[in-house]
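To start, the structure itself, in structure tokens.
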Amino acid sequence: MPVTADYHLHSSFSGDSDTPMEEMILQGIRKGLTHMCFTEHQDFGYPVSKETPEGFFDFNPDSCLYEFLKCREKYADRIALRFGVEIGLQPEVSAQNTAFVKAHEYDFVIASSHLCNGKDPYYPAFFEGRTQEEAYREYFQSIPDNLKAFDDFDVYGHLDYVVRYGPQKDRGYALEQYRDIIDRILTGLIQNGKGLELNTGGLMRGLREANPCAAILRRYQELGGEIITVGSDAHSPENIGAHFDRAADILTGCGFRYYCTFERRTASFHRL
């Protein structure tokens with residue numbers, strides 16, 4: 001397996017997972033991973049609902065760190081474990097995000113847009129009353145404002161997250177429809193030294209491609225981007241490292257020769 005580092009993982013310290021961290025680690029070892037980074041959810045201002053009660057996406061890093069350090073020591077001779085966080089972006093919570101990241105010494109920070117104008121595309125209501133293309137464009141257009149408001153992160157996560165949940169998912173979806181805004185996003189990331197994540201979670205949800213699609217990854221490389229991490233976005237053990245062989249093929253097909261791991265917010269490059 002050319003890619004042996006899973007840098008997007010959730011355990012029971014995230015509101016949408018109930019798997020103990022140690023179970024995730026043991027499965028990663030069984031799958032032959034050399035590195036795992038836990039990136040638990042922190043989404044300030046996430047809408048309260050029956051499915052997501054208040055505090056659902058609030059992360060307790062102190063509690064997590066206690067368990068993480070025990071596991072890191074216990075399995076130190078079998079796998080390299082890293083402590084990360086996935087920060088949900090919205091301009092109005094940027095000050096909270098900045099304070100949260102500065103409060104702990106993370107190895108790795110993913111910035112993701114789970115909400116667009118207060119709505120999560122995970123729910124069908126985001127797409128009601130308009131075409132899929134209109135909904136996707138609104139989502140992409142929200143990203144530059146998010147990036148302008150917050151920049152204390154290492155990679156941008158699952159850039160076309162919205163595509164996972166559209167009425168037709170990634171059918172009828174192509175970079176060319178949104179090239180104007182995608183180029184702005186990618187150029188901004190590169191100019192600010194930020195990386196891009198190849199997230200295989202979409203493949204587990206029936207998409208034809210990973211998130212983002214190969215065309216976006218290729219465009220990032222064409223514009224000069226080099227920092228790529230790979231993550232399964234697993235919330236349960238069976239999905240750890242899923243489709244990583246395909247991820248390696250995607251990256252080499254897009255012109256990348258390396259993927260990255262992070263420790264203490266510093267990238268290391270690993271040959272594919």
Side-chain angles (χ1 to χ4, degrees), residues 3 8 16 43 86 88-90 110-147 155-190 194-225 227-235 239 242-256 259:
V3 177
H8 192 143
D16 55 358
D43 268 88
E86 182 181 13
L89 302 188
Q90 297 183 82
I110 300 174
S112 297
S113 293
H114 296 120
L115 295 170
C116 173
N117 297 321
K119 293 183 178 180
D120 191 336
Y122 178 85
Y123 296 101
F126 182 78
F127 299 94
E128 290 176 357
R130 53 189 170 158
T131 67
Q132 178 171 279
E133 183 172 347
E134 287 170 339
Y136 286 4
R137 177 163 286 275
E138 180 188 350
Y139 177 84
F140 289 130
Q141 286 177 331
S142 73
I143 294 175
D145 287 339
N146 287 337
L147 297 178
V155 307
Y156 190 86
H158 46 54
L159 189 147
D160 55 7
Y161 165 84
V162 67
V163 174
R164 288 184 182 177
Y165 307 110
Q168 301 175 53
K169 298 187 182 294
D170 57 356
R171 288 167 176 79
Y173 160 69
L175 167 63
E176 292 306 320
Q177 297 166 284
Y178 313 98
R179 178 181 286 273
D180 56 333
I181 186 65
I182 297 294
D183 272 7
R184 283 180 55 202
I185 294 167
L186 297 178
T187 299
L189 290 173
I190 293 165
K194 307 301 182 184
L196 196 62
E197 175 195 47
L198 191 168
N199 186 302
T200 62
L203 297 171
M204 294 183 284
R205 292 170 172 82
L207 269 66
R208 295 173 298 174
E209 296 199 58
N211 300 117
C213 63
I216 291 178
L217 292 164
R218 188 176 300 111
R219 185 60 176 154
Y220 175 73
Q221 194 273 341
E222 290 171 351
L223 292 169
I227 302 170
I228 291 283
T229 60
V230 182
S232 65
D233 211 346
H235 291 65
N239 293 325
H243 301 286
F244 272 24
D245 286 342
R246 183 171 173 187
D249 291 341
I250 292 168
L251 289 178
T252 55
C254 291
F256 294 97
Y259 73 97

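Y136 and D170 share no side-chain donor-acceptor pair at under 3.5 Å. Side-chain atoms of D160 and Y173 form a donor-acceptor pair, as typed in the model, at a separation below 3.5 Å. In this structure, a donor-acceptor pair under 3.5 Å is absent between the side chains of R205 and N211.
Within the structure, side chain to side chain donor-acceptor pair (under 3.5 Å) pairs that include any residue of residues 215-224 comprise D183-R219, R219-E222 (at least two apart or interchain).
Summarising the local packing, OH of Y122 is surrounded by 12 or fewer heavy atoms from other residues, nucleotides or ligands at distances under 6.0 Å. R184 CZ: 12 or fewer foreign heavy atoms inside a 6.0 Å radius.
Minimum interatomic distance between C254 and A214 (heavy atoms only, all atoms of both residues): SG-O, 3.4 Å. Minimum heavy-atom separation, L207 to K169: CD1-CD, 3.8 Å. Across all non-hydrogen atoms, the minimal contact from H8 to G231 is CB-CA, 3.7 Å. Taking all atoms of both residues into account, the shortest heavy-atom contact from F126 to D120 is CB-O, 4.0 Å. Heavy-atom minimum distance, P121 versus Y161: CD-CE2, 4.0 Å. The two residues G195 and L189 make their nearest non-hydrogen contact at O-CD1, 4.4 Å.
With hydrogens and angles disregarded, no donor-acceptor distance shorter than 3.5 Å links the side chain of E138 to the backbone of A135. Looking only at distances, no side-chain donor or acceptor of E197 sits under 3.5 Å from a matching main-chain atom of T229. Panel note: side chain T131, backbone E134; a donor-acceptor pair is recorded below 3.5 Å. A donor-acceptor pair under 3.5 Å is absent between the side-chain atoms of R208 and the main chain of C213, judged by distance alone.
With I190 as reference, L223 is the one residue of L223, I185, L196 to meet the side-chain contact (heavy atoms from CB on, under 4.5 Å) rule.
Residue I110 holds its CD1 atom at 11.0 Å from CG of L89, rounded to the nearest 0.5 Å.
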